[in-house]
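Below is one structure; the comments refer to it alone.
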Amino acid sequence: MISNQAALAHALGHESKELRRTAGTNIGVVVAVSGLTHWPELVTLLVQCLEGGSVPYVLGGLDTLYKVSDCNVLGKHLVWLLGLCNTCV
């Protein structure tokens with residue numbers, strides 16, 4: 001059985017704009033409720049979407065990044081995210 005996170009990740013690259021946007025909205029809600037600490041792979045997933053070269057994945061990744069950071073959802077997790085990014089450099 002596929003996990004909810006895997007299903008949402010897969011939907012980010014769907015040809016349907018509506019499905020990509022719905023997946024991005026759901027991911028934004030998950031981050032708002034649970035925080036990035038409950039889905040640390042999300043940062044890597046978004047980077048892969050943006051670097052992947054597939055137009056639907058790039059658009060899905062950008063939409064999701066916007067939704068995750070919208071309304072300062074990411075603000076309370078910014079310190080954690082910066083710490084993670086520093087370990088990737």
Side-chain angles (χ1 to χ4, degrees):
M1 178 161 197
I2 190 167
S3 72
N4 291 336
Q5 290 176 343
L8 289 171
H10 181 71
L12 288 179
H14 199 276
E15 291 294 324
S16 167
K17 177 181 178 181
E18 291 79 13
L19 191 54
R20 288 193 311 265
R21 295 185 91 185
T22 300
T25 299
N26 283 302
I27 291 170
V29 170
V30 168
V31 171
V33 172
S34 303
L36 284 172
T37 55
H38 290 96
W39 194 351
E41 304 85 12
L42 178 61
V43 175
T44 303
L45 171 67
L46 292 176
V47 169
Q48 289 171 345
C49 284
L50 298 175
E51 291 180 337
S54 165
V55 173
Y57 270 108
V58 171
L59 294 174
L62 285 171
D63 183 62
T64 303
L65 187 59
Y66 171 77
K67 289 174 179 174
V68 167
S69 61
D70 192 31
C71 297
N72 204 23
V73 168
L74 192 58
K76 63 184 176 180
H77 305 290
L78 188 56
V79 173
W80 181 85
L81 180 63
L82 290 174
L84 178 67
C85 290
N86 287 337
T87 61
C88 296
V89 176

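Position 1 is the first residue of the sequence, and the numbers go up from there.
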*Determine which pairs satisfy salt bridge (charged side-chain N to carboxylate O under 4.0 Å, His left out) with at least one residue from residues 33-49, sequence neighbours left out, and list them in order.*
none

Compile the donor-acceptor pairs under 3.5 Å between side chains in residues 46-63 and protein atoms, sequence neighbours left out, one pair per line.
residue: D63; atom: OD2; partner: K67; partner atom: NZ; Å: 2.9

_Using only atom types and a distance under 3.5 Å, with no angle test, would you say the side chain of S34 pairs donor to acceptor with the backbone of V31?_
no

*asked:* Can you tell me how far apart CG (L42) and OG1 (T37) are? Round to the nearest 0.5 Å.
replied: 11.5 Å

*Which distance, rounded to the nearest 0.5 Å, do you find between the OG1 of T64 and the CG of N26?*
9.5 Å

*Applying side chain to side chain contact (heavy atoms under 4.5 Å, CB included), name anything that partners H14, two or more places apart in sequence or on another chain.*
S16, L19, R20

*Between G24 and L12, what is the shortest heavy-atom contact and its length?*
N-CD2, 4.1 Å

